[in-house]
Asks: 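This is the structure I have questions about; it appears just below.
This is a predicted model, so every value here is computed, not measured. Computed from heavy atoms alone, side chains included, the values below leave out hydrogens, waters and symmetry copies. Letters A, B, ... mirror the listed sequences (proteins, then strands); counts begin at 1.
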There are 2 protein chains.
Amino acid sequence: MPGPPRITLDDVARRAGVSTATASRALGDHPHVAAATRARVREAAEELDYVASPEATRLAGGPTGRVAVLVPHPSRWFFGELLEGLEAALRAADLDLVLFRVGGPEERAAFFARLPARRKVDAVVVLAFAVDEIEHARLASLGVDVVAAGGRVASYPSVGVDDHVAGRQAMDHLIHLGHRRIGMIAVEDVGRLAPDPDGRTSAWRAALDDAGIPPDDDLVVTVPWGGEGGADGMARLLGLRSPPTAVFAHDDETALGAIRTLRRAGLRVPEDLSVIGVDDHPLAALTDLTTVAQPVRAQGRRAGELVVAGLRGELADGVPPAELLPTRLVLRGTTSPPGAPR
Amino acid sequence: MPGPPRITLDDVARRAGVSTATASRALGDHPHVAAATRARVREAAEELDYVASPEATRLAGGPTGRVAVLVPHPSRWFFGELLEGLEAALRAADLDLVLFRVGGPEERAAFFARLPARRKVDAVVVLAFAVDEIEHARLASLGVDVVAAGGRVASYPSVGVDDHVAGRQAMDHLIHLGHRRIGMIAVEDVGRLAPDPDGRTSAWRAALDDAGIPPDDDLVVTVPWGGEGGADGMARLLGLRSPPTAVFAHDDETALGAIRTLRRAGLRVPEDLSVIGVDDHPLAALTDLTTVAQPVRAQGRRAGELVVAGLRGELADGVPPAELLPTRLVLRGTTSPPGAPR
DNA sequence: ACACGTGTTGGAACCGCTTGCGGTGGGAGC
DNA sequence: GCTCCCACCGCAAGCGGTTCCAACACGTGT
């Protein structure tokens with residue numbers, strides 16, 4: 001169980017014929033250590049296959065080498081992808097990723113109340129959700145850097161996409177195809193980051209305005225996140241006296257839900273009704289869903305890099321402007337001109 | 001950046017009017033501590049919002065309060081779900097989850113070579129992948145308990161589902177519907193756990209045998225995991241001189257890929273060809289896919305409970321038999337009798 | 001030859017917690 | 001009423017590093 005007898009810094013020092021203090025400095029590349037001594041210590045360490053004890057190093061004042069990641073729903077593709085990118089960047093810097101789930105309201109409240117990450121990490125990454133005043137204060141009490149990924153948060157360095165722009169790409173596509181009556185299925189997921197209150201929804205309105213089409217608020221329905229939500233939203237839209245000819249869904253999974261409702265109603269997509277989502281979820285390709293792709297994994301990776309830079313003290317003071325990665329329209333088979341066969 | 005002054009065990013002890021030693025024992029649930037004292041210390045800790053320093057604890061010989069989780073692909077639904085269940089169980093025991101990605105061959109090799117989790121965790125959980133001899137030895141060198149989730153691994157306590165049984169549920173359903181020529185799209189994902197080499201594939205053969213149908217090996221195609229793989233697999237199956245009338249896909253995403261190929265080929269599902277998967281991925285419901293559901297999150301949770309029990313020394317010695325959770329057939333719209341309209 | 005600065009190195013004090021060992025006090029046993 | 005025992009608790013020694021500070025050895029300026 002205890003494994004092989006541990007080799008300590010003292011062993012190395014003894015072998016190199018120096019004190020522990022000197023050995024520590026030599027290995028730590030500190031100045032004021034004679035080159036010859038440094039070499040001797042290095043060699044001794046090498047021969048002994050010495051590996052410093054992380055706990056001892058940390059206890060003695062160093063960083064923990066860990067960063068906390070707050071994620072609402074690990075099982076959703078978006079978050080998983082973010083997590084993957086983040087993990088890669090952190091691992092590259094030899095940092096461990098400690099996962100904290102803050103999905104439901106209770107979990108979230110529990111996390112911020114108890115702050116289980118306290119004293120255990122050097123930084124925290126908030127994945128795609130906005131923190132309120134109190135939560136912000138609680139995080140501040142951890143005394144470590146915070147960065148946000150998957151959306152932008154005013155108070156922290158963040159990396160995400162411009163939801164408004166993404167929304168415009170989707171809406172403009174629909175409008176360009178000739179649609180005038182366009183519905184929107186927004187999601188109410190509290191956890192989701194809400195940049196400029198709701199970029200995607202505001203894009204719906206802005207695009208219509210720009211096209212000279214008077215927005216009809218009845219065409220915007222808000223549902224819980226997920227396929228079922230999308231299905232319900234679509235049903236509500238179909239229930240309108242004057243249903244839309246195209247629908248912009250907040251994301252791909254919502255869009256897929258909407259499509260199921262359409263299929264069940266005997267409507268054809270895109271012949272009878274066009275549908276577009278956002279994300280470019282792997283299943284979007286499988287289901288031939290037109291969407292606006294966003295580089296999710298890259299957002300996670302970039303956030304990780306930001307954390308690393310911050311830990312190295314390479315970040316300027318103050319909150320830098322949000323880093324926005326590009327999104328792009330991916331044309332597939334669920335959109336077409338209104339009333340047009342294919 | 002040092003944040004608020006750290007609260008140490010000494011602070012707690014002082015507030016409770018006892019020595020550091022007693023405080024440590026009280027919080028550590030050691031025997032020989034008066035109940036009243038224990039309560040007082042607990043209260044003091046609570047009031048001060050005390051959190052032990054993992055490094056100090058570990059350095060002094062105690063547990064770290066952390067468990068490493070090895071996950072191949074965090075972004076896949078299956079793993080994300082497993083992760084969620086696991087996190088919940090660990091969190092409940094106040095254990096932190098440190099995530100290590102071991103997806104690609106290089107990452108995996110790097111992990112086992114460097115063993116970044118060394119001395120940093122009290123246990124490790126292997127999510128749905130089989131470890132080979134060397135990896136097994138490396139893990140053993142960590143000197144901590146290991147449990148597997150999402151499949152069973154001979155050498156560790158594990159929780160999963162019986163893939164063979166799940167496969168039988170799918171196959172028997174198809175056979176019961178009257179299909180005789182049934183294809184199978186297996187996946188070659190190295191990471192995926194391979195219980196009794198490949199439960200799902202063996203089920204294909206066993207089911208046919210039991211039904212007195214001679215298995216035709218041409219009907220089994222193996223593809224990389226994922227929708228694209230499924231699509232390719234289906235294409236190969238369609239290319240056969242005598243294509244199947246039904247297909248059993250290794251999992252839902254593969255099944256969805258298969259369906260895309262069918263749609264593009266102008267074939268109707270299930271009228272022309274039935275498709276069934278395994279998992280009951282949320283999108284299965286949306287796409288009306290018939291499948292064999294498995295309780296993924298529960299597997300993660302149970303694995304977490306196993307870890308906790310192990311850490312408490314409540315586990316008997318030796319490797320207990322794998323815990324197998326039940327799977328169940330979920331009838332939806334992608335299967336029907338052969339050549340039968342709906 | 002003397003005082004002093006510079007570059008190195010060693011001694012030792014922590015960092016925060018666990019635990020072996022010894023000490024204290026009160027109840028049980030006689 | 002007086003041992004004796006034992007449940008409880010405190011002291012202090014680490015765990016393996018880092019780092020402040022003092023000590024020391026040389027060179028150099030005068």
Asks: Starting at atom CG of B:D122, determine the distance to atom P of C:dT18, rounded to an integer number of angstrom.
Replies: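 Result: 12 Å.
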Asks: C:dC15 C1' sits how many Å from A:K120 NZ, rounded?
Replies: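 Value for this atom pair: 18 Å.
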Asks: Looking at C:dG10, I'd like to know if its phosphate oxygens (OP1 or OP2) sit under 4.0 Å from a side-chain N or O belonging to A:T22.
Replies: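 Result: yes.
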Asks: Check step by step if side-chain contact (heavy atoms from CB on, under 4.5 Å) holds for A:R101 and A:F111.
Replies: CA-CA 8 Å; A:R101 184 155 168 266; A:F111 176 86; over 6 Å; no
Asks: Between P on D:dT18 and CZ on A:R58, what's the gap in Å once rounded to a whole number?
Replies: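 Rounded to the whole Å, the gap is 10 Å.
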Asks: Let me know the distance between NE2 of A:H32 and P of D:dT18, rounded to the nearest Å.
Replies: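 About 17 Å, once rounded to whole Å.
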Asks: Is the gap between the ring centers of B:F78 and B:H73 under 6.0 Å?
Replies: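 Between B:F78 and B:H73, the centre distance exceeds or equals 6.0 Å.
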Asks: Using heavy atoms to find the nearest nucleotide of DNA chain D for A:S53 and B:A34 separately, return the residue whose nucleotide is more 5′.
Replies: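 Nearest nucleotide further toward 5': that of B:A34.
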Asks: I want to verify a distance call: between D:dG16, D:dT18, C:dT9, whose nearest atom is closest to the A:R25 side chain?
Replies: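 Among the listed nucleotides, the one closest to the side chain of A:R25 is C:dT9.
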Asks: Could you say whether B:G61 or B:V33 is positioned toward the 5' end of DNA chain D, judged by the nucleotide with the nearest heavy atom to each?
Replies: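 So the residue in question is B:V33.
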Asks: For A:R119 and C:dC15, what is the distance between atoms CZ and P respectively, to the nearest whole Å?
Replies: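 Distance check: A:R119 CZ to C:dC15 P gives 12 Å.
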Asks: Heavy-atom nearest nucleotide on DNA chain C for B:L59 versus B:H30: which residue maps closer to 5'?
Replies: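 Residue closer to the 5' terminus by nearest nucleotide: B:L59.
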Asks: Touch check for B:A52, heavy atoms < 4.0 angstrom, all strands: base, sugar-phosphate only, or nothing?
Replies: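 Since only primed, P, OP1 and OP2 atoms lie under 4.0 Å of B:A52, the category is sugar-phosphate.
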Asks: Counting any heavy atom closer than 4.0 Å, what does A:S24 reach on the DNA or RNA strands: base, sugar-phosphate only, or nothing?
Replies: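 It contacts base atoms.
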Asks: Is there a donor in the side chain of B:Q294 and an acceptor in the side chain of B:Q299, or the other way round, less than 3.5 Å apart?
Replies: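 B:Q299 and B:Q294 do have a side-chain donor-acceptor pair below 3.5 Å.
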Asks: Cationic tip of B:R76 within the cone over A:W77's six-membered ring, i.e. under 6.0 Å and within 45° of the normal?
Replies: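 Geometry flag: not set, cation outside 6.0 Å or 45°.
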